[in-house]
Chemist: 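The structure's right below; bear with me while I get my questions together.
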Amino acid sequence: MRKHIFNAGPCKLSDPCLENTSKAILELGNSGQSIMEVSHRSKDFLPVMEEAQALLKEILNVPDNYHVLYLGGGASTQFAMLAMNFLKSKAAYVDTGSWSSKAIKEAQIFGKVEVIASSKDKNYTYYPKGFAIPTDCDYLHITSNNTIRGTEIFEDIDSPIPLIADMSSDILSRKIDVSKYAMIYGGAQKNMGPSGVTFVIISDDFMKSAITDRPIPTMFKYPIHVENDSMYNTPPCVNIFALRETLKWVKSLGGVEAMEQLAIKRSNMLYQEMERNSMFTSPVAPDSRSRMNVPFVWSEGNEQYQDQFMKFSTERNIVGIKGHRSVGGFRASIYNAATIEDMEALVKCMQDFEKQIKG
Ligand SMILES: *Cc1c(COP(=O)(O)O)cnc(C)c1O
């Protein structure tokens, strides 16, 4: 029996993605070979890569002067690669939690970082807004959704300098204006597919502004990957196949507009239950609450039920809700593949638990 999966990443994937990828592992089309066995330069695999790129462009309405790359190394490699290629003297970063802190740390290897806004003062429980953006920085980096803290920004900000966003955990969950960004990147394992593949959407102008007078190893140069269509080295073929299946599935359901409506509906179910339920509360400021990662912690005086609720929910086939150690309590990660039934199961579990304890 399939469980109610609320894992933070890797996470739940759609049934068509799992079914079609399983089939391709046994045989890719009529090739007589597994997707794990075919050459990445063969006529069997090339259309997979091409369609994965074309579908992302279509679904996100990516302008023509942008490139879509599928690379290895995860979002964490992009933290360094971005700065290695574009941080000439100083870059602006918004600090909204663990992932942005890690991006900042990597950037500091290559230049100065100016943290222009931070929510550290309130333990990262809100998303800073209305901050001034200095024009003397090479770029501005933001983390659009904070997977651990459960805060999210729902607008595409206007930036006078190239805007870069780590959208690992909210890509494909709302309509975005790609033209406002110089680069968008993330690990695929939260909304776009399995782990092991990283997406990068980069404007041609921004790519061409990459630093040329710094020694950069070949694998860490964006233009190399653009010139070679993400095939400078062997790409993660199986992962890209599963990513393509995920994109097909998103498109078949109505694209990002449909995903956004579902995300609002799913997350509201949980936020409303937190309002109603006397035992749980949200640690996040109301205007910053993520639709993708929803932490729920004990209201005062109920902390002692942590293990008991964990057991209670596990018995109901709910997995992945243990909170991150930096926040405590619980966190439901409700990415695109999460269903209303998954949400109903979780909400019912919280209701039944309250009844059992409080009568
Ligand atoms: C998971 C995550 C990362 C790290 O991704 P990897 O692919 O594991 O390197 C970075 N940023 C955000 C916002 C994340 O959620």
Side-chain angles (χ1 to χ4, degrees), residues 5-13 69-84 93-107 109 113 117-120 124-128 140-154 156-157 163-174 176 181 183-201 219-220 225 230 235-236 238-240 242-243 246 263 267 284 288-295 320-327 331-338:
I5 302 168
F6 295 100
N7 294 330
C11 60
K12 187 174 181 186
L13 291 171
L69 302 174
Y70 292 123
L71 310 174
S76 302
T77 299
Q78 291 304 309
F79 295 163
M81 197 164 150
L82 168 70
M84 204 186 293
Y93 277 71
V94 177
D95 173 24
T96 47
S98 319
W99 293 116
S100 13
S101 305
K102 284 184 176 158
I104 289 167
K105 200 170 149 239
E106 295 304 290
I109 300 172
V113 167
S118 171
S119 48
K120 198 175 179 180
Y124 299 116
T125 53
Y126 70 102
Y127 207 107
L140 165 64
H141 180 280
I142 63 166
T143 312
S144 56
N145 181 67
N146 297 287
T147 322
I148 294 174
R149 298 290 171 167
T151 66
E152 186 174 5
I153 187 167
F154 299 105
D156 304 307
I157 57 179
L163 175 62
I164 320 293
D166 173 358
M167 289 198 189
S168 292
S169 51
D170 65 346
I171 189 82
L172 300 176
S173 73
R174 71 173 179 92
I176 52 169
Y181 300 85
M183 183 175 130
I184 297 169
Y185 70 90
Q189 68 273 20
K190 285 145 189 164
N191 246 341
M192 223 197 260
S195 64
V197 53
T198 315
F199 62 90
V200 176
I201 304 168
M219 271 299 283
F220 299 97
H225 294 295
S230 302
V238 180
N239 314 56
I240 292 170
L243 180 150
T246 302
S267 56
V284 178
S288 302
R289 288 178 183 170
S290 169
R291 296 171 188 153
M292 298 283 104
N293 308 94
V294 182
I321 60 166
K322 189 172 191 300
H324 191 273
R325 60 191 176 282
S326 61
V327 181
R331 168 183 52 166
S333 294
I334 41 183
Y335 300 117
N336 282 348

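Quantities reported herein were computed from a predicted structural model and do not represent experimental measurements. As the structure lists them, so they are numbered: ligands from 1, and atoms in each ligand from 1.
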Chemist: May I ask you to decide if the ring planes of Phe79 and His141 are parallel, tilted or perpendicular, using 30° and 60° as cut-offs?
Modeler: perpendicular
Chemist: Between the protein and ligand 1, which nitrogen or oxygen pairs come in under 3.5 Å, and how far apart is each?
Modeler:
unit_1, atom_1, unit_2, atom_2, d
ligand 1, 7 (O), Ala75, N, 3.0
ligand 1, 7 (O), Gln189, NE2, 3.0
ligand 1, 8 (O), Gln189, NE2, 3.3
ligand 1, 9 (O), Ala75, N, 3.2
ligand 1, 9 (O), Ser76, N, 2.8
ligand 1, 9 (O), Ser76, OG, 2.6
ligand 1, 11 (N), Asp166, OD2, 2.6
ligand 1, 15 (O), Thr147, OG1, 2.4
ligand 1, 15 (O), Lys190, NZ, 2.7

Chemist: Does the side-chain contact (heavy atoms from CB on, under 4.5 Å) test come out yes or no for Ser101 and Asp95, once each step is laid out?
Modeler: CA-CA 6 Å; Ser101 305; Asp95 173 24; 3.3 Å; yes
Chemist: Apply salt bridge (Lys or Arg N to Asp or Glu O under 4.0 Å) to Arg331 and list each qualifying residue two or more places apart in sequence or on a separate chain.
Modeler: none
Chemist: Which of these passes side-chain contact (heavy atoms from CB on, under 4.5 Å) with Ser100: Asp166, Ile142, Asn146?
Modeler: Asn146
Chemist: Checking Lys12 now: which residues fulfil salt bridge (Lys or Arg N to Asp or Glu O under 4.0 Å) with it, not counting sequence neighbours?
Modeler: Asp342
Chemist: With sequence neighbours left out, what residues match Asp156 under salt bridge (Lys or Arg N to Asp or Glu O under 4.0 Å)?
Modeler: Arg174
